[in-house]
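Side-chain atoms are counted along with the backbone in the values below, which use heavy atoms only and exclude waters and symmetry mates.
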Amino acid sequence: VDPNSGSPRQLTANAGKNDFPEVSPDERYIVFRSDRSGTNSVWRIDIDGSNPKQLVAGSDRPGSFSPDGGEIIFVRNLNKQTVWKVSIEGGEPVQLTDKQSTSPRFSPDGKQFVCLLFDDAKSGPKIAIFPSTGGSPIKTFPAPKTIGTSLRWTPDGQSIAYADIKGGVGNIW
């Protein structure tokens, strides 16, 4: 949408369901989830909507760009949701978590990512910080059972904000 005129402009063709857009830090690309190929996949288009390219087949929505715009972190559902990353040019995706996890976001410096981790059904979800190369969590925090899926780093990388939904009302913590 043009912020001055309020005029919207369609960027994707009327092919399937296209949602969860994320704009690259350099404003060159938009990545999004689309089922235009028959299954949910991560796609990339140029900022003007041209040059559509499927980055990953059989995946859920993209989480975020790395700060340099070179990679996308996303959730893939192969019997369980896990976190992966792939180059903005496509190629072979790299698995970053092996336990049930979702809602990934790169840290502002790109050295870490935060996600929701479901590694123990008894204790409920955790907010987990991992190195951007994957492996074991660096730190975990208990998360409310009603936590939303919008984890966000503060710009200085020192805190994480999230929504906790209680009684049908969401508040930011």
Side-chain angles (χ1 to χ4, degrees), residues 1-4 6 8 11-12 17-27 29-35 40-44 47 55-56 59-69 71-86 95-173:
V1 174
D2 181 308
N4 296 319
L11 298 177
T12 56
K17 180 180 175 185
N18 303 290
D19 53 13
F20 299 110
E22 291 283 333
V23 178
S24 65
D26 62 7
E27 300 179 13
Y29 301 115
I30 299 172
V31 296
F32 58 98
R33 179 178 70 179
S34 179
D35 64 359
N40 283 336
S41 301
V42 175
W43 285 73
R44 181 195 83 195
I47 197 73
L55 297 180
V56 180
S59 56
D60 202 349
R61 67 183 182 140
S64 69
F65 277 90
S66 59
D68 67 2
E71 295 176 313
I72 295 294
I73 196 167
F74 65 96
V75 173
R76 196 172 216 181
N77 193 352
L78 303 171
N79 299 320
K80 65 180 173 186
Q81 292 182 317
T82 52
V83 176
W84 297 65
K85 69 179 176 179
V86 69
Q95 187 171 356
L96 301 177
T97 64
D98 60 356
K99 294 190 167 117
Q100 176 82 14
S101 44
T102 188
S103 305
R105 300 297 291 187
F106 273 113
S107 63
D109 65 7
K111 294 179 182 176
Q112 303 170 28
F113 69 91
V114 65
C115 68
L116 288 177
L117 178 65
F118 301 86
D119 64 346
D120 180 1
K122 294 176 190 169
S123 66
K126 294 177 185 161
I127 297 170
I129 298 173
F130 285 86
S132 62
T133 54
S136 298
I138 297 167
K139 185 106 175 147
T140 62
F141 308 91
K145 292 188 189 290
T146 56
I147 190 169
T149 58
S150 298
L151 298 169
R152 297 292 186 268
W153 291 88
T154 55
D156 65 5
Q158 298 299 306
S159 300
I160 297 162
Y162 62 90
D164 183 11
I165 304 163
K166 291 183 181 174
V169 177
N171 286 297
I172 308 299
W173 291 76

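Here the shortest heavy-atom pairing between I73 and L96 reads CD1-CD1, 3.9 Å. Across every non-hydrogen atom of Y29 and D26, the tightest pair is N-OD1, 4.4 Å. Here the closest non-hydrogen pair linking F113 and W153 is C-CZ2, 4.1 Å. Across all non-hydrogen atoms, the minimal contact from P25 to P67 is CG-O, 3.4 Å. The two residues I127 and A143 make their nearest non-hydrogen contact at CG1-CB, 3.8 Å.
Distance SG/C115 to CZ/R105: 12.5 Å, rounded to 0.5 Å. Considering OG of S103 and CG of L151, their distance stands at 5.5 Å, rounded to 0.5 Å. In this structure, CG in N77 is found 11.5 Å from CH2 in W84, a value given to the nearest 0.5 Å. In this structure, OG1 on T102 lies 12.5 Å from CZ on F74, to the nearest 0.5 angstrom. If you take CG on L11 and CD1 on I30, they are separated by 5.0 Å, rounding to the nearest 0.5 Å. Between atom NZ of residue K126 and atom NZ of residue K99 there is a gap of 8.0 Å, rounded to the nearest 0.5 Å.
Between P131 and I138, some side-chain heavy-atom pair lies under the 4.5 Å cut-off. Counting heavy atoms from C-beta on, the side chains of T12 and S34 never come closer than 4.5 Å. For the pair V42/V86, no side-chain contact is recorded, criterion being any heavy-atom separation below 4.5 Å from C-beta on.
Between the side chain of Q100 and the backbone N or O of Q81, at least one donor-acceptor pair lies under 3.5 Å. A donor-acceptor pair under 3.5 Å is formed between the side chain of T154 and the backbone N or O of S159.
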Original post:
Passes side-chain contact (heavy atoms from CB on, under 4.5 Å), V56 versus I72? Steps please.
Top reply: CA-CA 10 Å; V56 180; I72 295 294; over 6 Å; no
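For residues 76-85, the pairs satisfying salt bridge (charged side-chain N to carboxylate O under 4.0 Å, His left out) are E71-K85, with sequence neighbours left out.
With sequence neighbours excluded, the residues satisfying side-chain hydrogen bond (donor to acceptor under 3.5 Å, both in side chains) with S66 are D68.
Seen from the ring of F20, R33 does not count as a face-on cation partner, given the 6.0 Å and 45° thresholds.
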Which atom pairs, one a donor and one an acceptor, fall under 3.5 Å between side chains of residues 162-173 and the rest of the protein, sequence neighbours left out?
residue : atom : partner : partner atom : Å
D164    : OD1  : T146    : OG1          : 2.5

